[in-house]
Peer 1: 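A single structure is presented below for examination.
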Amino acid sequence: MLDIKLIRSEPDTVRKALARRGYGGAVDDLIATDERRRKLISSVEDLKAQRNQASDAIARIKKEKGDAAALIARMKEVSEEIKNLDAELADVEKALDAKAAELPNLPHASVPEGRTDADNVEIDRWGTPRSFDFFPQAHWDIATALDIVDFERGAKIAGSGFPLFKKAGARLERALISFMLDLHTTRHGYIEMLPPFVTRAVVMYDSGKLPKFSEDMYHVELDDLWLNPTAEAPVTGIHVDEILPAESLPVKYVAYCASFRREAGAAGKDTRGLTRLHQFDKVELFQFTEPDKSYDALEEMLGHARAVLETLELPYRVLNCCAGDIGQAATKMYDLEVWAPGVDRWLEVSSVSNCTDYQARRGNIRYRPEPQAKPEFVHTLNGSGIALPRTFIAILENFQQPDGSVVIPDALRPYMGGMQSIAAG
RNA sequence: GGAGAGGUGGCUGAGUGGUCGAAAGCGGCGGUUUGCUAAACCGUUGUACGGGUCAUACCGUACCCAGGGUUCGAAUCCCUGCCUCUCCGCCA
């Protein structure tokens, strides 16, 4: 949520920034609605002041056993009018909220121009993609041959997009989760969280997932709960409506959570293998920071996500995402893409975003800069640290051997019971 | 799933239709006293929105879980929802 006061006082700045994301036109409409809202507030509050005065008068008259019938009759009409104006005001505010909720955050000056992910700018590369003296296989072939992922039976259980991990595959998935959590808690100073896998609608709204992405999430109608599309949603909710002690900032959480996505807009895309799933595992980084520290925290968090790939010895690149591609709540976003030689593609395994006060305003998450000072909104940041299935893919494809086996990266071996490679049989 | 209790300011806790934004206590802040600390005493102490101001001041409105309703007037009465707690049942 953007600050309506900012939109009102600096419409040109906001318009220009939003135009970079294709929302520039909405500003004037919003300002006009806000204008109407304030006029209505003014008139309805005048009437309420009248009513309050009259109420006192009536009480006094009755106390002195006087006759207040005439005044009561008059106030009946005033109350009727207040009711009508209140209803009108509620409509206008609803419209204003709906319009404001649609608006994304304002892109930072360092965000490149562009409309789609094709316009994202590569800013760094790490590692050298391995050269193969045999034809590298795609992960679905490797995994099927090793019998560590069963796509058909997963589909039998829950449909396509829900793979069944087996044996060393299941263990590898579990090992990756533990490895990442340990890395971030012991080396990067995060506190571990394991949130509910479902989140209430209000919290989804606070985190910016609703109303915009309702089609992309699974909804449990009977209980009005949403399956998390990312741990970002429940973790944002942890401190909703709280005032955090200034000395506690930055608050840094790392959370494992299964992530569920309907991928409604991606039908037919990446249908093979593990690249695009309806359910996947993810370890998520999250920070609540003071406003003036959030961009430093963004760089730091990017480093934390990179450390996962570097420790696993997986080549990757870093993209500075363009204005059209950054998340709804973000002002700036980096993507990490791991190299997958089997499918011959870069695969996105992490997005690291600074959401500044956008989520904090919706969720009313604040801190007190000084002991007696007014509470201010914190800044929130989130970053995948990192998404699992594509890391799983990268391990299979980068460490595959001519005999079909897969060497396990050193860092994971302790989590695999010392296993050095996954071989068939 | 069954039965019951309850949600009031930073906290504890009064308040069942008319100066109630809300008693009292605790905590916080300012002060008096004090060699210092403590104690005591006095004062003060919520948030949001709108108006107003260079900015304060100030004025108005709303907020006693949320949303509706009754009424001239609701923390207080009615309905719905959410949440918490206790007991029983079931269950990993």
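Order of the sequence lines sets the chain letters (A, B, ...), proteins ahead of strands, with each chain counted from 1.
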Peer 1: Please tell me which of E93(A) and S55(A) maps to the more 5' nucleotide of RNA chain B, matching each residue to the nucleotide holding its nearest heavy atom.
Peer 2: E93(A)

Peer 1: Can you list every salt bridge (charged side-chain N to carboxylate O under 4.0 Å, His left out) pair that touches residues 233-255 of chain A, not counting sequence neighbours?
Peer 2: K252(A)-E300(A)

Peer 1: Find the distance R361(A):CZ to A48(B):C1' and express it as a whole number of Å.
Peer 2: 14 Å

Peer 1: Watson-Crick or G-U wobble partner for C91(B), using a 3.5 Å limit on both distances?
Peer 2: none

Peer 1: Side-chain donor-acceptor contacts of residues 188-196 of chain A below 3.5 Å, not counting sequence neighbours, with atom names and distances?
Peer 2:
residue	atom	partner	partner atom	Å
H188(A)	ND1	H184(A)	ND1	3.0
Y190(A)	OH	Q287(A)	NE2	3.1
Y190(A)	OH	H304(A)	ND1	2.8

Peer 1: Across all strands shown, which nucleotide pairs with U33(B) by Watson-Crick or G-U wobble geometry, both distances under 3.5 Å?
Peer 2: none

Peer 1: Give the B/S/- string for nucleotides 60-66 of chain B, one per nucleotide from 5' to 3', where a protein heavy atom under 4.0 Å of the base yields B, of only the sugar-phosphate yields S, and otherwise -.
Peer 2: BBS----

Peer 1: Just checking, is any N or O donor in the side chain of Q328(A) or Y358(A) under 3.5 Å from an acceptor N or O on the other one?
Peer 2: yes

Peer 1: Mind running ring-ring contact (aromatic ring centres under 6.0 Å, His included) on H239(A) and F286(A) for me, showing each step along the way?
Peer 2: CA-CA 12 Å; H239(A) 293 300; F286(A) 202 96; 9.3 Å; no

Peer 1: Within residues 1-9 of chain A, which residues have any heavy atom lying less than 4.0 Å from an atom of RNA chain B?
Peer 2: K5(A), R8(A)

Peer 1: Show me the donor-acceptor pairs, under 3.5 Å and distance only, between side chains in residues 388-395 of chain A and residues at least two apart or in other chains.
Peer 2:
residue	atom	partner	partner atom	Å
R390(A)	NE	T275(A)	O	2.8
R390(A)	NH1	E348(A)	O	2.8
R390(A)	NH2	T275(A)	O	2.7
T391(A)	OG1	A387(A)	O	2.7

Peer 1: Under the salt bridge (charged side-chain N to carboxylate O under 4.0 Å, His left out) rule, what pairs show up with a residue in residues 7-25 of chain A, not counting sequence neighbours?
Peer 2: R8(A)-D34(A), D12(A)-R15(A), R15(A)-D28(A), R20(A)-E113(A)

Peer 1: Could you check T289(A), T331(A), D357(A), T380(A) and say which one makes a side chain to side chain contact (heavy atoms under 4.5 Å, CB included) with S294(A)?
Peer 2: T289(A)

Peer 1: Heavy atoms within less than 4.0 Å of RNA chain B: which residues of residues 73-92 of chain A have one? Give them sorted by number.
Peer 2: M75(A), K76(A), S79(A), K83(A)

Peer 1: Taking pairing as Watson-Crick or G-U wobble with both contacts under 3.5 Å, can you name the mate of U12(B), or confirm there isn't one?
Peer 2: A24(B)

Peer 1: Mind calculating the distance between CG (D56(A)) and C1' (C20(B)) to the nearest angstrom?
Peer 2: 11 Å

Peer 1: Can you name the salt bridge (Lys or Arg N to Asp or Glu O under 4.0 Å) partners of K293(A), sequence neighbours left out?
Peer 2: E290(A)

Peer 1: Mind checking the C1' distance from A3(B) to A62(B)? Whole angstroms is fine.
Peer 2: 39 Å

Peer 1: Distance check: side-chain N/O of K374(A) vs OP1/OP2 of A48(B), anything under 4.0 Å?
Peer 2: yes

Peer 1: Centre of F280(A)'s six-membered ring, under 6.0 Å away, within 45 degrees of the axis: is that where NZ or CZ of R261(A) sits?
Peer 2: no

Peer 1: Applying ring-ring contact (aromatic ring centres under 6.0 Å, His included), which residue pairs with at least one partner in residues 93-113 of chain A are found, sequence neighbours left out?
Peer 2: H108(A)-Y295(A)

Peer 1: Which whole-number value in Å describes the distance from I72(A) CD1 to G18(B) C1'?
Peer 2: 11 Å

Peer 1: Would you list the pairs meeting side-chain hydrogen bond (donor to acceptor under 3.5 Å, both in side chains) in which at least one residue belongs to residues 165-175 of chain A, sequence neighbours left out?
Peer 2: D147(A)-K166(A), D147(A)-K167(A)

Peer 1: At 4.0 Å (heavy atoms only), tell me whether K39(A) reaches a base, stays on the sugar-phosphate, or touches nothing.
Peer 2: nothing

Peer 1: Walk me through it: do K48(A) and D86(A) pass the test salt bridge (Lys or Arg N to Asp or Glu O under 4.0 Å)?
Peer 2: CA-CA 10 Å; K48(A) 284 180 179 173; D86(A) 263 340; 3.4 Å; yes

Peer 1: If we call it a pair only when both distances are under 3.5 Å in a Watson-Crick or G-U wobble match, what pairs with A39(B)?
Peer 2: none

Peer 1: Expressed in whole Å, how much space separates the P atoms belonging to C82(B) and A66(B)?
Peer 2: 16 Å

Peer 1: Residues in salt bridge (Lys or Arg N to Asp or Glu O under 4.0 Å) with E310(A), at least two apart?
Peer 2: R306(A)

Peer 1: Is there a Watson-Crick or G-U wobble partner for U84(B) with both distances under 3.5 Å, and if so, which one is it?
Peer 2: A5(B)

Peer 1: Inspect the surroundings of CD in Q53(A) and state if more than 12 heavy atoms from other residues, nucleotides or ligands are less than 6.0 Å away.
Peer 2: no

Peer 1: Check RNA chain B against residues 236-250 of chain A and give the residues with a non-hydrogen atom under 4.0 Å, in numerical order.
Peer 2: none

Peer 1: Take the protein atom CZ of R366(A) and the nucleotide atom P of G10(B), then report the distance between them rounded to whole Å.
Peer 2: 10 Å

Peer 1: For the pair made of CG in L71(A) and P in G18(B), what is the distance, rounded to whole Å?
Peer 2: 17 Å

Peer 1: Rounding to an integer number of Å, can you tell me how far R38(A) CZ sits from A48(B) C1'?
Peer 2: 16 Å

Peer 1: Please report the distance, rounded to the nearest Å, between OH in Y367(A) and P in G10(B).
Peer 2: 20 Å

Peer 1: Any strand is fair game: report the nucleotide pairing with G18(B) by Watson-Crick or G-U wobble, both distances under 3.5 Å, or none.
Peer 2: C72(B)

Peer 1: Determine whether a donor-acceptor pair (N or O, by modelled atom type, separation under 3.5 Å) exists between the side chain of T185(A) and the backbone of L181(A).
Peer 2: yes

Peer 1: Using a heavy-atom cut-off of 4.0 Å across all strands, would you classify R200(A) as base, sugar-phosphate, or nothing?
Peer 2: sugar-phosphate

